[in-house]
Amino acid sequence: MSAFYDHFARHSHGQGLADHSTHYCPGCGHGLVHRDLADAIDELGVQDRTVLISPVGCSVFAYYYFDVGNTQAAHGRAPAVALAHKLANPEAVVISYQGDGDLASIGLAETISIAQMGVPITVIFINNGIYGMTGGQLAPTSLMGQKTATSPEGRNASMGKPLRMAELIAQLDGPVFVERVALYNAKQRIKARKAIAKGIRLQMEGRGYAFIEVLAECPTHLKVNPEAAEEWIRTQMEPVFPLGVKKDAIVEPWFHRPPPSFDPDIILALAGADRAEAGSASAPARHASGNRDRSFKLAGAGGDGAQTAALILTRAAIAEGYDSTHIPSYGPESRGGTSFADVHIAEGEVLNPSAARPDVLIAFNAPSLARFAPTVAEGGVILYDSTTVKDPKGLPAGRRVIPVPFTEIAAGLNRPVVKNVVALGALQAATDALPAERILGTLRHLFKDKPSVLPVNEAAFAAGRRAVELAAG
Amino acid sequence: MPAIARGRPFLEPAYCKGCLRCVEVCAKGCISPGKSICAETGLIAVELHLDTCSGCGLCIEACPEPFGLRPESEVTRHAQDYQLEDPAKLFGQKPSEQAPPRDRPPVKIPLPECEPLVLKGNYAAAIGAVLAGCRHVYGYPITPSTEGAELMAKIMPKLNGAFVQAVSEVAAVNMMYGAGAAGVPVMTFTSSPGFSLMLEGVSYMIGAEVPGVFINVMRGGPGLGNIAPEQTDIKLACRGLGHGNTHAIVLAPSTPQEMLDLTMEAFALSFRYRNPVVILGDGYLGQMTGSVRLPPYLLNPGLPAWAVWGDKAHRRNLICSIHLSEADLEKHNEHLNAKYAEIGSNEQRAELYHCEDARVLAIACNTPARMTKGAVEEARSMGIAAGLFRPVTLWPFPIDALRDALTHVEQIVVVEASPGQLEDELRLALSHAGIAPPPIASVRRLGGNLPQQGDILACIRETQEVHA
């Protein structure tokens, strides 16, 4: 027996036409393909594994009939739904059953992109050259000159020529099997049955994605009887949509997906988490030890390292037991442009994480200094790169201004990119924000997989501190 | 495949639509168009005259109806003597030896204690999803949410999970629909324009009762807008989740820690109610780095009984959002309404900061709530009895907690990076609850600017002067 339900209880609560008939019009090609599909599922022994995706279109109710797992999808999205079903349960046999409006019009992007991915699913494409469910409108596969509800004078060139999906899909790399079949006589029906079964078998064997286009009759909207519809397919449609195998690649089974892992050790490693140990380096929380909250602005051009320096500051503060936040702000460019960072270090909770009135400014260039120096809070600290900024004008009074040649010091270490670490050293010496050893500890942790660059960073940090200490006399 | 020869045909006239596709294939002329209308169907079934039938079976394979022309042998398997049987009993439901599927509940796996992580909000949300058992991530890159997707692209393959960069947000949300239909936890990272594109799929997920978690790191709009933070998808998330009668729990984190915690919670809520859950962050929050502590456990998610999994136990399951009869669809909507009401009474969440004696109550969510907290603290230091009411669920709005917090309040100040979408939610909730609120002032910024602490403080002080 095939994979059909013994009676169609979902069809109008079982009150549908005699409880055993489909909702399809007399002579519709869908019924034949349904029978072929049901027989294939049964004969391949996969009824218990099959998930059928019903589309939007006349076959929206395919789930009335097939005694398999059923998911009904939004218009055109059946392959997306099918892909996710397959990836959720790789043992499932997933079939995306779609019409021409669904597959070749509204869902074209999903159709092509998922075919190209090549994940083993079976797509059955019913091409009847017209929209059935909405009442006989133009389909992407309607023939030139074909009169439909939305091409009353016949399809013309401005509507584009009919889209040949099997050929289009066959030229993609993803699919392993593409065939166009028809239903208009006994010989073609046998080929259709075989193609559908083959498409499912290729999926079962993990060989890949299969696409079977079926030229199917829609006597109702062609406004002819079923026999004339068969004839129309043979004489009118077939010349535009030639039958046959379009692609049949020989591919070894490749689709294997092990079950997902829930191993805590792997997950912690991926999250970059370090296990807490008794007597570990992390200082006790300073929450409730006070409510001091200091804000820092690090500003420069992209590539100056303002964000990295800000992140090191935040990490060190959190390791020291403070609450701390870092917010980056970039210009639209991927490289170059502006780059500002707001950092807060608080004894209690960081309330407001933005640094509109920073206590400390590090400016890597003149525009940053000009823009943010006036925002620095009364009594605050302004550190700037005296290599790139010469004789700045109009700095606010009542702030401690410390020029440090970040760039020159870094160049002296033969590693210009460490100027941000020079700046961090200067910041540490100019404020009592964090102990030097804590920032160094964070640097060491940061470079634990690249120990070769640690010494130059340590040297840069020390040089930055020294520069401030010298400036202070 | 077996050969097509299936023997002599059998036809129950009520299952024939009279399409005549069988007539033309019979070389022996055994089948002819019928002459009488079938009382049951109103259609004219074909008539069989099998005296000359050779049993070639061509008519059977030409018939488009599942229960149309069938081999006699198949039918007689069911009934030895058709003449004596009531036809209705011939094709009854196959008895199923399969027990109905049962929920396989999630399993908690202990996590060792770890040092606090220092994470961006987007990363924190991704790790929260991993800990909640999510191994299926679908998305499309969009600033400022991409870090989440990028981390997932790195992590998922190492956990045998799936990360797929879809061809569009439309495809991504429908992949979520498929994974959710299969009963597995699934999520996406997106931002405002992408969320707009996903809304059709969200409506389908709600209609079909499919779980899934959406992290929308909101940015400036309308249109392409910019990539700076705004809160202008509150309206979409609370009132506009695609077409039809839709609602989803909307969570509004304000710290990287909450990005992790609320993402984990979102998965639990999503499966508890079989409904999508939306996490609304803002551009600042996604990019903000802060201290994040991990929970003491992670989850292996199990499998719900309703899943369309693709095995014997779940074979009879159906996920769909179509209900053709008006009566069915009304009943389904009443079911959804009952669910929304249950969510409304069970899932309100809010943080109350200095609300006990507050006379001026600021209301804010996401990052602006943090600026507001700073302003409240500053106002308190000036002797103003200010408080912060921070809705953590924007839908359902935490009106019960707000009602209590309003006891002494003379003035409300709504702070938002939006033209009043949070205030609209507040006013709707107050109105539905029949609460006559004190005067409402507002601090609003747009375009990617956030309300600043100084502006909020100024507004609080101004309203106090009025009341003094």
Side-chain angles (χ1 to χ4, degrees), chain A residues 4 6-7 17-18 20-22 26-28 31-32 35 48-49 51 63 65 68-72 74 77 80-81 83-85 87-89 92 109-110 113 186 189 193-194 197 226-227 258 260-262 264 267 270-271 273-276 282 314-315 318 323 325-328 351-353 356, chain B residues 1 14-15 17 19 21 24-25 40-41 58 61 64-67 91 93-94 109 111-118 127 135 155 159-162 167 171 174-175 177-179 181-182 184 204 284 287-291 300 308-310 312 314-315 317-320 370-371 373-374 377 452-453:
Chain A
F4 287 121
D6 270 13
H7 72 107
L17 197 62
H20 284 80
S21 297
T22 64
C28 175
L32 282 166
R35 282 182 70 149
D48 287 333
R49 290 167 56 189
V51 173
Y63 66 82
Y65 312 119
V68 298
N70 280 287
T71 297
Q72 196 285 318
R77 319 303 168 204
V81 176
L83 174 83
H85 265 291
L87 295 179
N89 177 11
E110 283 80 3
S113 61
R189 287 190 286 265
R193 289 175 66 83
K194 286 184 175 166
E227 191 181 350
S261 163
F262 299 95
I267 291 167
L270 289 170
D274 297 318
R275 288 197 183 201
S282 124
T314 298
R315 285 178 182 277
I318 288 170
D323 191 18
T325 55
H326 160 221
I327 302 174
L351 300 177
N352 176 1
Chain B
M1 297 299 292
Y15 306 157
K17 291 174 175 167
C19 78
R21 288 185 80 141
E24 58 185 280
V25 294
E40 224 176 326
T41 63
L58 286 174
E61 68 72 58
E65 277 297 312
F67 290 90
F91 312 111
Q93 191 69 36
K94 273 184 275 195
I109 300 168
L111 265 184
E113 199 183 332
C114 291
E115 297 290 336
L117 293 168
V118 182
I127 289 169
R135 297 293 179 272
I155 286 180
L159 297 172
N160 304 330
V167 70
N174 284 283
M175 290 170 187
Y177 178 93
V184 299
Y204 278 77
Y284 254 37
Q287 301 297 319
M288 188 194 304
T289 297
S291 172
N300 181 338
V308 178
W309 178 246
K312 189 168 190 160
H314 299 83
R315 196 176 91 193
N317 287 341
L318 167 68
I319 294 289
C320 84
R370 302 189 70 170
M371 283 66 168
K373 226 178 202 180
E377 198 63 42
Q452 289 304 312
Q453 186 168 325

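Reminder, nothing fancy here: chain letters follow the sequence lines and each chain counts from 1.
When every heavy atom of A:Arg275 is checked against every heavy atom of B:Pro112, the shortest pair comes out as CZ-CG, 3.3 Å. Of all non-hydrogen atoms in A:Asn89 and B:Gly310, the two that sit nearest each other are ND2-O, 3.6 Å. Closest of all the heavy-atom pairs between B:Ala179 and A:Ala84 is N-CB, 3.4 Å. B:Pro64 and A:Cys28 make their closest contact through CB-O, 3.5 Å (heavy atoms, listed as atom of the first residue, atom of the second, distance). The minimum heavy-atom distance linking A:Pro226 with B:Cys19 is given by the pair CG-O, 3.2 Å. Annotation for A:Ala271 and B:Leu117: closest pair O-CD2, 3.8 Å, computed over non-hydrogen atoms.
Residue B:Ile155 touches chain A through both its backbone and its side chain, counting heavy-atom pairs closer than 4.5 Å. Proximity to chain B involves both the backbone and the side chain of A:Ser21, based on heavy atoms less than 4.5 angstrom apart. Residue B:Ile127 touches chain A through its side chain alone, counting heavy-atom pairs closer than 4.5 Å. For chain A, the nearby part of B:Val184 is the side chain; its heavy atoms alone come within less than 4.5 Å. Using a 4.5 Å cut-off between heavy atoms, B:Asn300 contacts chain A through both its backbone and its side chain.
For the pair B:Arg21 (side chain) and A:Gly27 (backbone), a donor-acceptor distance under 3.5 Å is present. Panel note: side chain B:Arg135, backbone A:Ser261; a donor-acceptor pair is recorded below 3.5 Å. With A:Asp274 contributing its side chain and B:Glu115 its backbone, the two residues share no donor-acceptor pair below 3.5 Å. Under the 3.5 Å distance criterion, the side-chain polar atoms of B:Lys17 are matched with a main-chain donor or acceptor of A:Thr22.
Taking NE2 of B:His314 as the reference point, atom CG of A:Asn70 lies at 14.5 Å (rounded to 0.5 Å). The CZ atom of A:Phe262 sits 9.5 Å away from atom CG of B:Asn160, with the distance rounded to the nearest 0.5 Å.
When each of A:Val68, A:Leu83, A:Leu32, A:Leu270 is checked for heavy-atom pairs under 4.5 Å with chain B, A:Leu32 comes out on top. Annotation: maximal heavy-atom pairing with chain A below 4.5 Å, among B:Glu40, B:Gln453, B:Arg370, B:Gln452, occurs at B:Arg370. The residue among A:Ala88, A:Ser113, A:Pro328 with the most heavy atom pairs within less than 4.5 Å of chain B is A:Ala88. Comparing A:Thr325, A:Val51, A:Thr71 by how many heavy-atom pairs each has under 4.5 Å with chain B, the most go to A:Thr71. Contact count against chain A (heavy-atom pairs under 4.5 Å) is highest for B:Glu24 among B:Glu377, B:Glu24, B:Gln287.
Aromatic ring pairs are classed by plane angle as parallel below 30°, tilted from 30° to 60° and perpendicular above 60°; the pair B:Phe67 and A:Phe4 is tilted.
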*Determine, step by step, whether A:Ile267 and B:Leu111 satisfy the side chain to side chain contact (heavy atoms under 4.5 Å, CB included) criterion, reporting the C-alpha distance in whole Å, the side-chain angles of both residues, the deciding distance to 0.1 Å, and the verdict.*
CA-CA 10 Å; A:Ile267 291 167; B:Leu111 265 184; 5.6 Å; no

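Partner of B:Glu61 under the side-chain hydrogen bond (donor to acceptor under 3.5 Å, both in side chains) criterion, out of A:Arg189, A:Arg35, A:Arg193: A:Arg189 alone.
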